[in-house]
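To keep things clear, I will list the structure first and then write my remarks on it.
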Amino acid sequence: MEKTLVIIKPSAIERGLIGEVIHRFERKGLQLCGMKMMQLSDEILIEHYAHLAQRTFFKRIKDSMMITPVIVCCWKGLHSVHIVRTMAGVTNGREAAQGTIRGDFSVSVQENIVHTSDTVENAKIELARFFNDNEIFEFEQSGLGFLYANDEI
Ligand code: IDP
Ligand code: MG
């Protein structure tokens with residue numbers, strides 16, 4: 001099964017949306033297999049947002065990610081990368097569909113509540129960036145038979 005990274009950003013922490021975000025993924029049927037609060041550093045953000053390094057707002061987004069600690073989560077499930085990304089909605093909260101996390105809770109491009117991995121390959125790289133091996137828990141939910149049919153897993 002796939003694993004993917006979610007970062008609950010300072011925009012969610014400050015607005016009391018931690019439980020709301022976790023609740024949505026949990027109710028969907030994804031399995032939480034790692035979670036911790038951490039203060040991000042300039043170094044880790046330079047790596048994490050390397051694809052935006054040339055953009056004029058690069059420093060601003062790094063700064064906004066360090067205003068409070070964040071919560072990093074690892075969610076597991078069949079096609080969890082795609083599911084989580086779809087549930088987050090598009091980057092711009094003003095354009096994100098209603099019913100998505102960004103569509104429901106954000107009116108901003110930058111202050112958009114969550115980070116979600118965009119591909120399976122990047123999810124692996126990002127999980128290794130934010131978690132040590134012993135912080136990801138490999139256990140099987142007993143209710144798996146109520147989440148998936150036998151031939152799906
Ligand atoms: P994503 O989070 O939807 O994958 P990316 O393009 O990877 O979007 O950008 C990472 C983060 O950088 C976004 O979530 C957002 O917080 C911020 N960001 C992206 N584009 C802009 C912009 O044009 N202005 C301000 N912030 C931006
Ligand atoms: Mg991205």
Side-chain angles (χ1 to χ4, degrees), residues 1-138 147-148:
M1 285 222 195
E2 277 173 27
K3 295 192 186 83
T4 192
L5 175 77
V6 171
I7 304 177
I8 304 179
K9 296 184 177 185
S11 48
I13 309 276
E14 285 283 7
R15 293 178 49 207
L17 294 172
I18 300 167
E20 173 70 41
V21 170
I22 294 170
H23 196 200
R24 287 186 175 217
F25 296 129
E26 195 175 32
R27 279 186 305 180
K28 174 66 176 170
L30 299 174
Q31 183 184 341
L32 186 62
C33 46
M35 179 164 75
K36 64 180 175 181
M37 182 172 257
M38 64 190 290
Q39 176 61 51
L40 299 182
S41 63
D42 209 45
E43 292 68 40
I44 202 166
L45 285 164
I46 287 171
E47 205 178 290
H48 185 62
Y49 283 138
H51 60 295
L52 301 172
Q54 306 310 319
R55 307 298 292 270
T56 50
F57 52 81
F58 186 51
K59 181 176 183 316
R60 188 153 50 83
I61 56 169
K62 279 190 293 139
D63 288 347
S64 84
M65 291 292 284
M66 294 190 285
I67 287 176
T68 68
V70 298
I71 294 174
V72 292
C73 313
C74 172
W75 290 97
K76 184 168 88 173
L78 210 59
H79 297 161
S80 64
V81 172
H82 171 73
I83 290 172
V84 163
R85 189 101 179 139
T86 306
M87 288 176 71
V90 297
T91 309
N92 184 345
R94 293 188 294 274
E95 289 172 5
Q98 297 299 308
T100 63
I101 293 170
R102 288 164 170 174
D104 288 350
F105 301 113
S106 167
V107 286
S108 168
V109 181
Q110 178 177 293
E111 303 302 322
N112 59 4
I113 311 294
V114 284
H115 164 82
T116 61
S117 304
D118 58 356
T119 63
V120 175
E121 192 188 1
N122 282 341
K124 287 185 186 142
I125 295 167
E126 292 179 354
L127 285 166
R129 179 174 298 140
F130 291 96
F131 285 98
N132 300 315
D133 284 349
N134 65 359
E135 293 171 330
I136 303 288
F137 296 88
E138 301 293 348
L147 287 170
Y148 301 103

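Note that ligands are numbered from 1 as they come in the structure, with each ligand's atoms numbered from 1 the same way. Side chains are part of it too, since the values below use all heavy atoms of this structure and drop only hydrogens, waters and symmetry mates.
- Counting only N and O atoms by type, the side chains of His82 and Glu2 include no donor and acceptor under 3.5 Å apart.
- Distance alone, capped at 3.5 Å, places no donor-acceptor pair between the Arg102 side chain and the Ala96 backbone.
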Report, one line per pair, each donor and acceptor closer than 3.5 Å where one atom sits in a side chain of residues 4-11; sequence neighbours left out.
residue, atom, partner, partner atom, Å
Lys9, NZ, Asn112, OD1, 2.7
Ser11, OG, Ile113, N, 3.0

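- Contact residues for ligand 1 (protein heavy atom closer than 4.0 angstrom to any ligand atom): Lys9, Tyr49, His51, Leu52, Phe57, Ile61, Arg85, Thr91, Arg102, Val109, Gln110, Asn112.
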Which pairs would a plain distance check flag for residues 25-35, meaning a side-chain donor or acceptor within less than 3.5 Å of a matching protein atom at least two apart in sequence or in another chain?
residue, atom, partner, partner atom, Å
Gln31, NE2, Phe139, O, 2.9

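- Take Glu95 and apply the salt bridge (charged side-chain N to carboxylate O under 4.0 Å, His left out) test, not counting sequence neighbours, and it matches no residue.
- Rounding to the nearest 0.5 Å places CD of Glu43 at 9.0 Å from NZ of Lys62.
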